[in-house]
Each structure stands twice: as structure tokens, then as C-alpha cells.
> 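Dumping the structure here so I can ask a few things about it.
This one's a predicted model, so the numbers in the text were calculated from it and none came from an experiment. Protein chains get the first letters and strands the later ones, always in sequence-line order, with residue 1 at the start of each. Just the heavy atoms: all of them, side chains too, but no hydrogens, waters or symmetry mates, feed the values below.
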2 protein chains.
Amino acid sequence: MADQSKTRMTNQRSLILEELRSLKSHPTADELFIAVRRRLPRISLGTVYRNLQILSKQGTIRTLPDTKGQMRFDGDNARHYHVRCIKCRRVDDLPGRPVVHFEREREGKTNYRILGFKIELLGICPECNEREKPERQGQVRQ
Amino acid sequence: MADQSKTRMTNQRSLILEELRSLKSHPTADELFIAVRRRLPRISLGTVYRNLQILSKQGTIRTLPDTKGQMRFDGDNARHYHVRCIKCRRVDDLPGRPVVHFEREREGKTNYRILGFKIELLGICPECNEREKPERQGQVRQ
DNA sequence: CTGAATGCAAAAGCTTTGCACTAGG
DNA sequence: CCTAGTGCAAAGCTTTTGCATTCAG
């Protein structure tokens, strides 16, 4: 990992990284673009995409798929878990680490070569929860 | 759930559903379109998308985000878990159910209203594994 | 200096949508 | 019948890419 070979730390790249790390919502490329543009008005969306791709290939940042197809980005490449809002789709970090006991024998039943797992909580963020108090409280599945 | 009001079971819809249920790879809309077109050559991609949306709104099928933004669909709406191939991105069902012990107190540390969780294994499917035997065996994170 | 990175704009996916026509119930 | 659903094509989003120019190392 960390393939820094022939990579240049441009002003754009460092601002993108800085902004991504400061945002806690795991922004989409466009949200990040808007944020960075406040400080560097001439930056282009293409540059944001190119940098996000490079940084993620390097292992400096992480990507996570949005529920609706769009990509989201995470400036923290340390192992941690997420809570996802099923209403506004924002993603937050889960403080601490959930203890997961996997039934290891399960893996044997798959003919995949298992490399790891992914887990995240689903819920409604404080803002959305406030916005719609009287709602049915169904369990989310999957 | 199951909002069948004013919904018609057209030939297209039932073929889409049938094909989706028979495919084990959790296909994208386009893969499904190609499959259904073999039986109904005049069907359009738009119809596939519209039906997938309706069926998923009804709760008849499920959607899952692809690692690269695209959507995938699952004809089985019973609770079950998935293994995802990090190479070809196909998704398979995990036989049985993994036992997950969540550290419940964790949820208290989030200000989200927690409704559930999502877990899936990551790995390399038999086909891809065969295709590239001599590779580094890194642990996948997140 | 040199080529990696940028801005711009055009193009390429994937998905949605408007419209006139078809067909399910 | 009546209107949900269809095929087709156009439009909408998100993301990628070609190209001349800029700038980091």
C-alpha cells in the first residue's frame, strides 16, 4: 500500500485531503468539491475525482458505496465502523469498535476465499429523527 | 410492506422477477435486462428499471449497492447474508446465518436511532481465485 | 526541465422520465 | 373501459477522459 511513487502533493490534493478529513459526514465527491471550492474557487470537479481516485488507490483514504449508487469518501484509513442514516444517507463513524463474533465454520460453506468482512449499523440520524417524530418504528433488515 | 395497490402483474414484470430469482449472482439491472431479453426480445431497459423499482418498493425484492456505484438486485427478500467478490464484484448468498454478537452498549454512544445492522463477507469467488493463483493474500479491511 | 496534475469541456456509464400506445383487471 | 405499464428516445446524474497548459520536485 501507499504507492507514493511519482506522486506530487499539489495544493489541490492537500486541500481535498484536509477538507475530507475535517468533514465527518463521509461526503460525496460533489459535496467535497463544494467545500474545497470555498478555499480554491478555480478547482474543477474533475480534479476532485482524479485526486479521490489516486488517494484511494494509495490507501490514504477509503471509499464507501452510497445506498443510491453514488460514492462516498472517508478520510480516515484506520479500521473503524460506520452508522448510516437511511433517510438522508449520511454516514458517521461509530465510536469504539463493535465486538463481532463470527461463526467461523460458516466460511467453510462458501467456496469463496474469505478475506474479511464489513459491518455497519443502520439507523436514523439525530437531524432526520427530529424532522419526523411520529413515524412507524420498523426494524431494518439485511 | 407489500403495497400491491393498483399494481398489475404484467408479463414483463413476472419474467423479470422469475429471472431475478433464478440468477444467483445478484445481477445489475443491465445483466437482468440481457437475461430477460432472451425470452422477451422487445423488452426495454427502462421497463426493467421501472419494475425493479416497483418490486423493491413493494418489498418483493431487495437492492444492494455495488462497490462501484451500480445497483444490484436480490430476488430473495428473506433475511440472509452475502459474500462479495472484490474482483468481479459478484455477490452470492451466504448459506446459513452468521452469528453476530454486537456489543449493544456501543449503540448508546451514537446519537442515531439504531434500527439494525448490515454485515457481509468479502472475498474472492472461485472463478476469480482460479484466474489469478499467484497473488498476495492481503487482509481486506473495513 | 520533465512529466504529473490541472481546468475545461466533452463523453461515457447508469438510471430516470416524458409521451403516445398497449394491455391487465 | 380505465389507467398502470410498455417501448422508445431523450434527459439527468455521477464519474471518467482528452487535451493544452501549469507547476511540483
> Looking only at heavy atoms, which two atoms of A/Phe73 and A/Leu20 are closest? And how far apart?
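Taking every non-hydrogen atom into account, O-CD1, 3.6 Å.
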
> What's the CE-P distance between B/Met9 and D/dT3, to the nearest Å?
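Interatomic distance, CE of B/Met9 to P of D/dT3: 21 Å.
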
> Want to settle it: does B/Phe73 or B/Asn11 sit nearer the 5' end of DNA chain C, counting the closest nucleotide to each?
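It is B/Phe73 whose nearest nucleotide is closer to the 5' end.
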
> Identify which nucleotide among D/dG5, C/dA4, D/dG25 has an atom closest to any side-chain atom of A/Lys6, counting heavy atoms from C-beta outward.
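Out of D/dG5, C/dA4, D/dG25, the nucleotide with an atom closest to A/Lys6's side chain is C/dA4.
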
> Please report the distance, rounded to the nearest Å, between CG in A/Leu40 and C1' in C/dA5.
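Answer to the nearest Å: 13 Å.
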
> With respect to the phosphate group of D/dA4, does any side-chain polar atom (N or O) of B/Thr7 fall under 4.0 Å of OP1 or OP2?
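No, because none of the side-chain N or O atoms of B/Thr7 sits under 4.0 Å from OP1 or OP2 of D/dA4.
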
> Just the rounded figure in Å: distance from C1' of D/dT6 to CG of B/Leu52.
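In whole Å, D/dT6 C1' and B/Leu52 CG are 15 Å from each other.
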
> Between B/Arg90 and B/Asp92, does at least one N-O distance fall below 4.0 Å, as a salt bridge requires?
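Judged by the 4.0 Å cut-off on N to carboxylate O distance, B/Arg90 and B/Asp92 do form a salt bridge.
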
> Atom CG of A/Asp30 and atom C1' of D/dG12: how far apart are they, to the nearest Å?
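About 14 Å, once rounded to whole Å.
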
> Starting from C1' on C/dA5, measure out to CD on A/Gln53 and report it in whole angstrom.
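A/Gln53 atom CD is separated from C/dA5 atom C1' by 13 Å.
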
> Should the side chain of B/Arg8 and the base of D/dT3 be counted as holding a donor-acceptor pair, with the cut-off at 3.5 Å?
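For B/Arg8, whose side chain was compared with the base of D/dT3, there is a donor-acceptor pair (under 3.5 Å).
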
> Name the closest nucleotide to the B/Leu45 side chain, picking from D/dG5, C/dT15, D/dA24.
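Given the options D/dG5, C/dT15, D/dA24, the side chain of B/Leu45 is closest to C/dT15.
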
> Take A/Arg62 and A/Asp76 through the test side-chain contact (heavy atoms from CB on, under 4.5 Å) and record every step on the way to the result.
CA-CA 7 Å; A/Arg62 307 263 203 111; A/Asp76 182 1; over 6 Å; no

> Can you tell me how far C1' of C/dT6 sits from CD1 of A/Ile54, to the nearest Å?
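Answer to the nearest Å: 11 Å.
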
> Of the listed nucleotides (D/dG18, D/dG5, C/dT16), which one gets closest to any side-chain atom of B/Tyr49?
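Side chain of B/Tyr49 sits closest to C/dT16.
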
> Taking only the side-chain nitrogens and oxygens of A/Thr10, find out if one of them lies under 4.0 Å from OP1 or OP2 of C/dT6.
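Yes, A/Thr10 has a side-chain N/O under 4.0 Å of OP1/OP2 on C/dT6.
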
> Ignoring backbone atoms, establish whether B/Ser44 has a side-chain N or O less than 4.0 Å from OP1 or OP2 of D/dC8.
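Looking at the OP1 and OP2 atoms of D/dC8, neither is under 4.0 Å from any side-chain N or O of B/Ser44.
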
> Could you please name the option among C/dA5, D/dG7, D/dT15 that lies closest to any side-chain atom of A/Gln70?
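Nearest listed nucleotide: D/dT15.
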
> C/dT6, OP1 or OP2 - any side-chain N/O from A/Arg42 closer than 4.0 Å?
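Checking A/Arg42 against C/dT6: no side-chain N or O falls below 4.0 Å of OP1 or OP2.
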
> Taking atom P of D/dT14 as reference, at what distance in whole Å does atom CG of A/Leu32 sit?
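After rounding, the gap between these two atoms is 14 Å.
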
> Are any of the side-chain nitrogens in A/Lys118 or B/Glu120 under 4.0 Å away from the carboxylate oxygens of its partner?
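Judged by the 4.0 Å cut-off on N to carboxylate O distance, A/Lys118 and B/Glu120 do not form a salt bridge.
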
> Could you state the CD-C1' distance from B/Gln58 to D/dA4, rounded to the nearest angstrom?
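About 12 Å, once rounded to whole Å.
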
> Does this structure show an ion pair linking B/Glu127 with B/Lys87, if we count only N-O contacts that are shorter than 4.0 Å?
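Salt bridge flag = no for B/Lys87 with B/Glu127.
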
> Taking the minimum atom-to-atom distance to the side chain of B/Asn51, which one of D/dT16, D/dT6, C/dT15 wins?
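Closest nucleotide to the B/Asn51 side chain: D/dT6.
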
> Go through D/dT17, C/dT15, D/dG7 for me and flag the one nearest to the B/Ala29 side chain.
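Of D/dT17, C/dT15, D/dG7, C/dT15 is nearest to the side chain of B/Ala29.
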
> The side chain of A/Gln12 is closest to which nucleotide in this list: D/dC8, C/dG7, C/dA5?
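Looking only at heavy atoms from C-beta outward on A/Gln12, the closest nucleotide is C/dG7.
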
> Nearest to the side chain of B/Arg50, which nucleotide is it out of C/dA5, C/dG7, C/dC19?
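Nearest to the side-chain atoms of B/Arg50, counting from C-beta on, is C/dC19.
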
> Side chain of B/Met71 only, heavy atoms from C-beta on: which candidate in C/dT15, C/dG24, C/dC19 is closest?
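Closest nucleotide to the B/Met71 side chain: C/dT15.
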
> Taking the side chain of B/Ile43 as heavy atoms from C-beta outward, which of C/dT16, D/dG7, D/dT15 is closest to it?
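Closest nucleotide to the B/Ile43 side chain: D/dG7.
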
